Amino acid sequence: MTAAIRRLVLDVMKPQEPGIIEFADTAADCAGVAGVNAVLIETDRKVQNLKLTIEGDAIDAAELEGAITDLGGTVHSIDQVVCGECLVEQHGTPQDR
């Protein structure tokens, strides 16, 4: 049995259109998603970079990536994954200094 994905933080490159609201709304409609935070990181003439933070009870990562691709976006990287029974926050360690 695979542990449920509770949080994903994605670096997404997208065309100028559709806008950030449509990306967040589409991500929020995916299976297992309870909420989405979309932040515009960088904008260029043709593309924008977004940081998407997605939380839920059992996020369907494949459906989410498919929805992003259908809107013309590309997942550049998965920057954080939290799986299991609860959300586990990252804690600083001496190596982080």
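Quick caveat: nothing in here was measured; it's all calculated off a predicted structure. One is the number of the first residue; the rest follow in order along the sequence.
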- Query: Going by distance alone, is a donor N or O of one side chain under 3.5 Å from an acceptor N or O of the other, for E42 and Q48?
  - Reply: no
- Tell me, which pairs form a salt bridge (charged side-chain N to carboxylate O under 4.0 Å, His left out) where one or both residues lie in residues 53-63, sequence neighbours left out? R6-D57, R7-E55
- Message: Please find the pair of heavy atoms, one from L40 and one from I20, that lie closest to each other, and give the distance.
- Response: N-CD1, 3.8 Å
- Query: Does one hydrophobic cluster hold both V33 and I21, with members joined at side-chain heavy-atom distances below 4.5 Å?
  - Reply: yes
- Task: Output, in order, the C-alpha distance, side-chain angles, deciding distance and verdict of side chain to side chain contact (heavy atoms under 4.5 Å, CB included) for K14 and L50.
- Result: CA-CA 8 Å; K14 70 171 213 57; L50 303 179; 3.5 Å; yes
- Message: Is any side-chain heavy atom of L64 closer than 4.5 Å to one of L10?
- Response: yes
- For residues 18-38, which residue pairs qualify under salt bridge (charged side-chain N to carboxylate O under 4.0 Å, His left out), counting only residues two or more places apart or in two chains? none
- Note on the structure: Between G56 and I59 the two heavy atoms that sit nearest each other are N-CD1, 3.8 Å
- Task: May I ask you to test the N49-D11 pair for a side-chain heavy-atom distance under 4.5 Å?
- Result: yes
Solution key, residues 68-87 side-chain donor-acceptor pairs under 3.5 Å, sequence neighbours excluded:
unit_1	atom_1	unit_2	atom_2	d
T69	OG1	E65	O	2.9
S77	OG	D79	OD1	2.6

- Between T26 and A67, what is the shortest heavy-atom contact and its length? CG2-CB, 3.8 Å
